[in-house]
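Before any comments, here is the structure.
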Amino acid sequence: MGYDVHRLTEGRKLILGGVEIPYEKGLLGHSDADVLLHAVMDALLGAAALGDIGKHFPDTDEQYKGISSIKLLERVGELLEENCFLIENIDATIIAQAPKMRPYIDTMQKNIAEALGIELSQINVKATTEEGLGFTGNKEGISSQAVCMLTSPAELYDRNVAEEQGCDGCGGCPKRFS
């Protein structure tokens with residue numbers, strides 16, 4: 001499970017799921033502050049027991065200042081591959097009173113699938129409001145939640161099949177099984 005929140009502020013672009021959304025405010029953060037992708041990355045890293053985005057991409061590191069979260073998501077995909085994890089599915093929710101997200105969701109899903117090298121059918125993104133309640137309802141910020149399911153080839157194959165594919169079951173093989 002992953003969660004992220006950022007404050008809305010003037011003078012920043014609103015980027016969600018790698019999509020620039022026309023809006024009077026954007027999200028404040030060290031990177032592009034894409035709360036959707038940050039929640040997805042934390043869900044993936046957490047499911048693989050690889051820490052969180054703060055561990056891998058600290059906001060104290062200048063190399064990540066203003067970086068596209070799509071680039072960070074691609075790196076998370078590489079980390080999963082290096083550790084022999086396969087993404088089964090991702091389900092994410094954007095929580096924002098405004099703007100309306102529906103016109104952009106298909107592109108967000110496509111961006112996530114492409115960044116992770118998975119099928120579009122493995123991604124679900126949806127949006128909801130909080131009916132004017134709380135910081136998101138008051139248009140002070142946007143949050144996102146994501147859940148995912150990962151598998152490992154060691155769980156899918158008996159030891160003989162895994163060995164034939166080049167996996168010794170150590171959990172650190174660089175070979176991707178598909």
Side-chain angles (χ1 to χ4, degrees), residues 1-9 11-21 23 25-96 99 101 104-105 107-120 122-128 130 134-136 140-152 171-174 176:
M1 193 268 172
Y3 173 80
D4 195 39
V5 61
H6 284 276
R7 178 181 305 276
L8 282 164
T9 187
R12 295 267 305 195
K13 293 178 180 178
L14 179 58
I15 311 281
L16 292 169
V19 178
E20 185 176 332
I21 299 171
Y23 192 58
K25 294 181 178 179
L27 294 169
L28 183 61
H30 186 68
S31 66
D32 62 5
D34 187 328
V35 293
L36 173 59
L37 296 187
H38 292 184
V40 167
M41 287 186 277
D42 268 345
L44 293 167
L45 290 166
L50 294 174
D52 62 16
I53 61 172
K55 173 183 175 180
H56 294 277
F57 316 110
D59 64 6
T60 55
D61 192 329
E62 285 301 306
Q63 73 176 315
Y64 303 120
K65 185 167 179 62
I67 194 168
S68 166
S69 293
I70 287 286
K71 298 275 187 217
L72 303 180
L73 182 61
E74 289 170 351
R75 179 62 188 132
V76 168
E78 292 168 1
L79 287 169
L80 293 174
E81 188 171 322
E82 289 166 12
N83 287 277
C84 287
F85 284 101
L86 303 171
I87 300 168
E88 292 293 329
N89 71 330
I90 299 168
D91 182 34
T93 305
I94 303 164
I95 303 145
M101 300 294 161
Y104 310 101
I105 287 178
T107 305
M108 293 175 190
Q109 292 175 152
K110 182 177 179 253
N111 290 345
I112 294 168
E114 286 178 0
L116 293 171
I118 61 177
E119 297 296 319
L120 190 58
Q122 294 173 271
I123 309 289
N124 186 61
V125 174
K126 55 197 177 293
T128 190
E130 290 195 302
F135 71 90
T136 57
E140 297 171 36
I142 295 177
S143 66
S144 187
Q145 299 179 12
V147 293
C148 70
M149 185 168 65
L150 303 180
T151 57
S152 173
C173 79
R176 185 178 189 153

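D32 places a side-chain N or O within 3.5 Å of a backbone atom of D34 that can act as its donor or acceptor partner. Judged purely by atom type and a 3.5 angstrom limit, S152 uses its side chain to pair as donor or acceptor with the backbone of C84.
In this view, E74 satisfies the salt bridge (Lys or Arg N to Asp or Glu O under 4.0 Å) rule with no residue, not counting sequence neighbours. Not counting sequence neighbours, the partners of D91 by the salt bridge (Lys or Arg N to Asp or Glu O under 4.0 Å) test are K126.
The shortest distance between side-chain heavy atoms of M101 and P99 falls below 4.5 Å. At a threshold of 4.5 Å between non-hydrogen side-chain atoms, the residues L116 and Q122 do not count as touching. Residues V40 and I123 are not in side-chain contact: their nearest non-hydrogen atoms beyond the backbone lie 4.5 Å or more apart. Within the 4.5 Å cutoff, no side-chain heavy atoms of T9 are placed close to those of L27. Taking 4.5 Å as the limit, some side-chain heavy atom of L79 sits within range of a side-chain heavy atom of E82. You'll find the side chain of L120 reaches within 4.5 Å of the side chain of Q109, heavy atoms only. The shortest side-chain heavy-atom distance between H38 and S144 does not fall under the 4.5 Å cut-off. By the 4.5 Å heavy-atom criterion applied to side chains, I142 and I94 are counted as neighbours.
Taking CE from M1 and CG from D42, the interatomic distance works out to 10.0 Å, rounded to the nearest 0.5 Å. With rounding to the nearest 0.5 angstrom, the CG atom of L36 is 11.5 Å from the NE2 atom of H6. Here the OG1-CD distance, from T107 to E114, works out to 10.0 Å after rounding to the nearest 0.5 Å. In this structure, the separation between CD1 on I95 and CD on E130 is 5.5 Å, given to the nearest 0.5 Å. Separation of atoms CG (N124) and CE (M108) is listed at 12.5 Å; rounding is to 0.5 Å. In this structure, the separation between CG on N89 and CG on L150 is 9.0 Å, given to the nearest 0.5 Å.
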Taking distance alone, no hydrogens or angles, what donor-acceptor pairs closer than 3.5 Å link side-chain atoms of residues 43-60 to residues at least two apart or in another chain?
{"residue": "D52", "atom": "OD1", "partner": "G54", "partner atom": "N", "Å": "3.1"}
{"residue": "D52", "atom": "OD1", "partner": "K55", "partner atom": "N", "Å": "2.9"}
{"residue": "H56", "atom": "NE2", "partner": "L50", "partner atom": "O", "Å": "2.7"}

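Annotation for R7: atom CZ does not count as buried by contact number, only 12 or fewer foreign heavy atoms lying within 6.0 Å.
Residues K25 and E140 are not paired through a salt bridge, judged by the lack of any N-O separation under 4.0 Å between the basic side chain and the carboxylate.
Listed here is the closest heavy atom pair of R12 and L28: NE-CA, 4.2 Å.
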Checklist line | Full working for side chain to side chain contact (heavy atoms under 4.5 Å, CB included) between K110 and V19 | finding: CA-CA 10 Å; K110 182 177 179 253; V19 178; over 6 Å; no
